[in-house]
Peer 1: 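Quick one: structure below, then a few questions.
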Amino acid sequence: RFMTVHLSSLDEAEHDHGPFSLEANQNLEAIDGMLSRLAAATRTNDPAAIVIVVSDHGFVSLTHRVNLYIPFIQAGLLDATIDPKNQTPLVKSWQAQPWLASGMAAIMLRDPRDEQTVAMVRELLNNLKSDPNNGIEEVLDRDAIGKRGAFPGASFLVVMKPSYYTGNSLSGEVVTDMLGHGGHGFSPDDPSMRAAFFIDGKGIAPHHELGIIDMRQIAPTVAQLLDLRMPSATATPLPVRQ
């Protein structure tokens with residue numbers, strides 16, 4: 001038997017108010033109480049039940065938005081307007097455009113084989129990165145993106161510094177202030193993006209520190225506890241048993 005429960009409100013509280021804000025801490029305490037009641041009810045029904053708590057990402061306080069559409073529009077690589085219905089960018093034509101992903105942006109080319117456009121975009125991104133005020137940590141090319149297993153089809157990947165978030169303004173300043181909010185989606189190399197993993201129950205080693213694990217090990221671990229096999233999984237189960 002297997003049941004999942006998604007408690008999502010902490011994500012909303014941290015986005016709206018920032019991690020470790022009063023609102024986020026109060027929300028976390030409420031979730032902690034829910035988990036206690038759920039675990040107690042589960043073990044009343046089945047004393048051998050195993051309870052696992054996981055999260056999918058960490059959080060960081062945000063200070064700036066980086067509006068990458070603007071330099072692409074200025075360079076003539078993108079033509080866009082604001083959709084009056086939902087107030088989001090509406091792309092009319094493009095040679096290259098950013099796909100915004102919170103603390104990253106995948107740069108897509110209409111024709112990835114167009115070497116002239118590739119060179120133009122590379123120069124644009126390198127110039128943006130050279131200014132520390134733009135908050136760009138890394139600019140990865142296609143080979144480097146492939147090694148990290150991210151964004152298939154992207155020609156470049158812009159990785160923001162912690163606290164710098166991608167924005168979607170089409171005009172004005174490239175970098176604008178953004179205070180009182182939190183975000184995620186940054187490089188997994190950033191310690192603030194580390195998620196949580198807790199497991200407790202019959203046959204589980206108590207007070208055992210697993211260290212930093214690969215998130216892809218969680219599903220094979222759960223499958224092993226259920227006496228199931230995941231032949232397509234490449235990550236190994238975690239050593240959680242006594």
Side-chain angles (χ1 to χ4, degrees), residues 15 56-83 87-178 181-195 214-216 234:
H15 272 300
D56 55 346
H57 54 71
F59 250 90
V60 65
S61 296
L62 301 177
T63 58
H64 297 85
R65 283 195 185 278
V66 183
N67 301 295
L68 290 174
Y69 284 124
I70 294 173
F72 276 76
I73 291 172
Q74 292 173 343
L77 294 164
L78 173 67
D79 184 16
T81 187
I82 294 295
D83 188 335
Q87 296 301 305
T88 58
L90 181 63
V91 175
K92 297 192 291 184
S93 64
W94 62 287
Q95 292 176 273
Q97 64 170 300
W99 284 7
L100 308 182
S102 303
M104 300 185 189
I107 308 302
M108 311 302 295
L109 270 62
R110 178 177 286 278
D111 182 2
R113 297 166 298 180
D114 182 350
E115 292 299 329
Q116 182 176 354
T117 302
V118 170
M120 187 176 179
V121 172
R122 180 182 288 110
E123 182 179 6
L124 172 64
L125 295 176
N126 287 336
N127 287 338
L128 289 171
K129 182 180 180 298
S130 66
D131 184 348
N133 294 321
N134 289 330
I136 296 176
E137 184 76 46
E138 295 180 282
V139 175
L140 306 181
D141 61 14
R142 185 184 297 275
D143 291 340
I145 297 170
K147 290 178 181 177
R148 298 199 187 187
F151 296 100
S155 295
F156 299 94
L157 180 63
V158 178
V159 181
M160 310 307 301
K161 296 177 181 178
S163 300
Y164 285 77
Y165 225 40
T166 54
N168 61 5
S169 294
L170 302 182
S171 61
E173 298 294 329
V174 174
V175 180
T176 56
D177 291 339
M178 182 186 185
H181 295 274
H184 51 83
F186 294 86
S187 170
D189 295 331
D190 179 4
S192 63
M193 290 298 100
R194 292 175 185 165
D214 187 326
M215 191 179 288
R216 292 169 292 187
T234 57

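A quick note: this is a predicted structure, and the numbers were derived from the prediction, not measured.
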Peer 1: Answer yes or no: is there a donor N or O on one side and an acceptor on the other, between the side chain of S163 and the main chain of T63, under 3.5 Å?
Peer 2: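 Here the side-chain-to-backbone pair does not exist.
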Peer 1: Quick one: pull up CG in D56 and CE in M193 and give me the separation to the nearest 0.5 Å.
Peer 2: 10.5 Å
Peer 1: Looking at CD of Q74 and OG of S171, how far apart are the two atoms once the value is rounded to the nearest 0.5 Å?
Peer 2: 10.0 Å
Peer 1: Side chains of L100 and N168: closer than 4.5 Å at any heavy-atom pair?
Peer 2: yes
Peer 1: Check whether T166 reaches the backbone of G103 with its side chain - one donor and one acceptor, N or O, closer than 3.5 Å.
Peer 2: no
Peer 1: Just checking W94: does its CH2 atom have more than 12 heavy atoms from other residues, nucleotides or ligands closer to it than 6.0 angstrom?
Peer 2: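 It does: W94 CH2 has more than 12 such atoms within range.
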Peer 1: Kindly give the heavy-atom pair with the smallest separation between N127 and S130, and that separation in Å.
Peer 2: O-OG, 2.6 Å
Peer 1: Are P188 and M215 side-chain neighbours, meaning at least one heavy-atom pair lies under 4.5 Å?
Peer 2: no
Peer 1: Going through the distances and angles, do D79 and S93 end up as a side chain to side chain contact (heavy atoms under 4.5 Å, CB included)?
Peer 2: CA-CA 5 Å; D79 184 16; S93 64; 3.4 Å; yes
Peer 1: Report yes if the distance between the aromatic ring centroids of H15 and F59 is under 6.0 Å, otherwise no.
Peer 2: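 Yes - the distance between ring centres of H15 and F59 falls below the 6.0 Å cut-off.
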Peer 1: Below 4.5 Å, heavy atoms only, C-beta onward: do V60 and L62 meet side chain to side chain?
Peer 2: yes
Peer 1: Do T176 and S169 have side-chain heavy atoms sitting under 4.5 Å apart?
Peer 2: no
Peer 1: What distance do F156 atom CZ and L140 atom CG have between them, rounded to the nearest 0.5 Å?
Peer 2: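 Result: 10.5 Å between the selected atoms.
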Peer 1: Is the side chain of T81 donor-acceptor paired with the backbone N or O of L90 at a distance under 3.5 Å, no angle test?
Peer 2: no
Peer 1: Aromatic rings Y164 and H64: how do their planes relate, parallel, tilted or perpendicular, breaks at 30° and 60°?
Peer 2: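 Rings of Y164 and H64: parallel, under 30°.
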Peer 1: Passes side chain to side chain contact (heavy atoms under 4.5 Å, CB included), F186 versus S102? Steps please.
Peer 2: CA-CA 7 Å; F186 294 86; S102 303; over 6 Å; no
Peer 1: Keeping the roles fixed (side chain from D111, backbone from R113), state whether a donor-acceptor pair exists under 3.5 Å.
Peer 2: yes
Peer 1: Evaluate the side-chain proximity of M104 to V158: yes if any heavy-atom separation is below 4.5 Å, no if none is.
Peer 2: no
Peer 1: Nearest 0.5 Å, what's the CG-CG distance between N133 and D131?
Peer 2: 4.5 Å
Peer 1: Decide yes or no for E137 and P162: does some side-chain heavy atom of the first lie under 4.5 Å from some side-chain heavy atom of the second?
Peer 2: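 Touching, per the 4.5 Å side-chain cut-off.
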Peer 1: Just wondering, more than 12 heavy atoms not from E173 lying within 6.0 Å of its CD?
Peer 2: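 Not buried by this count: 12 neighbours or fewer within 6.0 Å.
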Peer 1: Compare all side-chain heavy atoms of Q97 with those of F72 and state whether any distance is below 4.5 angstrom.
Peer 2: no
Peer 1: Do M160 and I136 pass the side chain to side chain contact (heavy atoms under 4.5 Å, CB included) test, and can you show the C-alpha distance, the side-chain angles, and the key distance before you say yes or no?
Peer 2: CA-CA 4 Å; M160 310 307 301; I136 296 176; 3.9 Å; yes
Peer 1: Would a distance-only check, ignoring hydrogens and angles, find a side-chain to backbone donor-acceptor pair under 3.5 Å from R194 to G58?
Peer 2: no
Peer 1: Say you draw a straight line from OG1 of T117 to CG of L77; how long is it, rounded to the nearest 0.5 Å?
Peer 2: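 One gets 7.0 Å once the value is rounded to the nearest 0.5 Å.
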Peer 1: Flag yes if more than 12 heavy atoms outside Q87 fall under 6.0 Å of its CD atom; otherwise flag no.
Peer 2: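 Yes, because the 6.0 Å sphere around CD of Q87 holds more than 12 heavy atoms from other groups.
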Peer 1: Say you draw a straight line from CG of L170 to CG of L78; how long is it, rounded to the nearest 0.5 Å?
Peer 2: 8.0 Å
Peer 1: Identify the heavy atoms of M108 and A154 that sit nearest to each other, and give their distance.
Peer 2: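 Taking every non-hydrogen atom into account, SD-CA, 3.6 Å.
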Peer 1: Given side chains that start at C-beta, do those of V174 and N134 come closer than 4.5 Å, heavy atoms only?
Peer 2: yes
Peer 1: With R122 as reference, evaluate L125, L124, V118 under the side chain to side chain contact (heavy atoms under 4.5 Å, CB included) test and give the passing residue.
Peer 2: V118
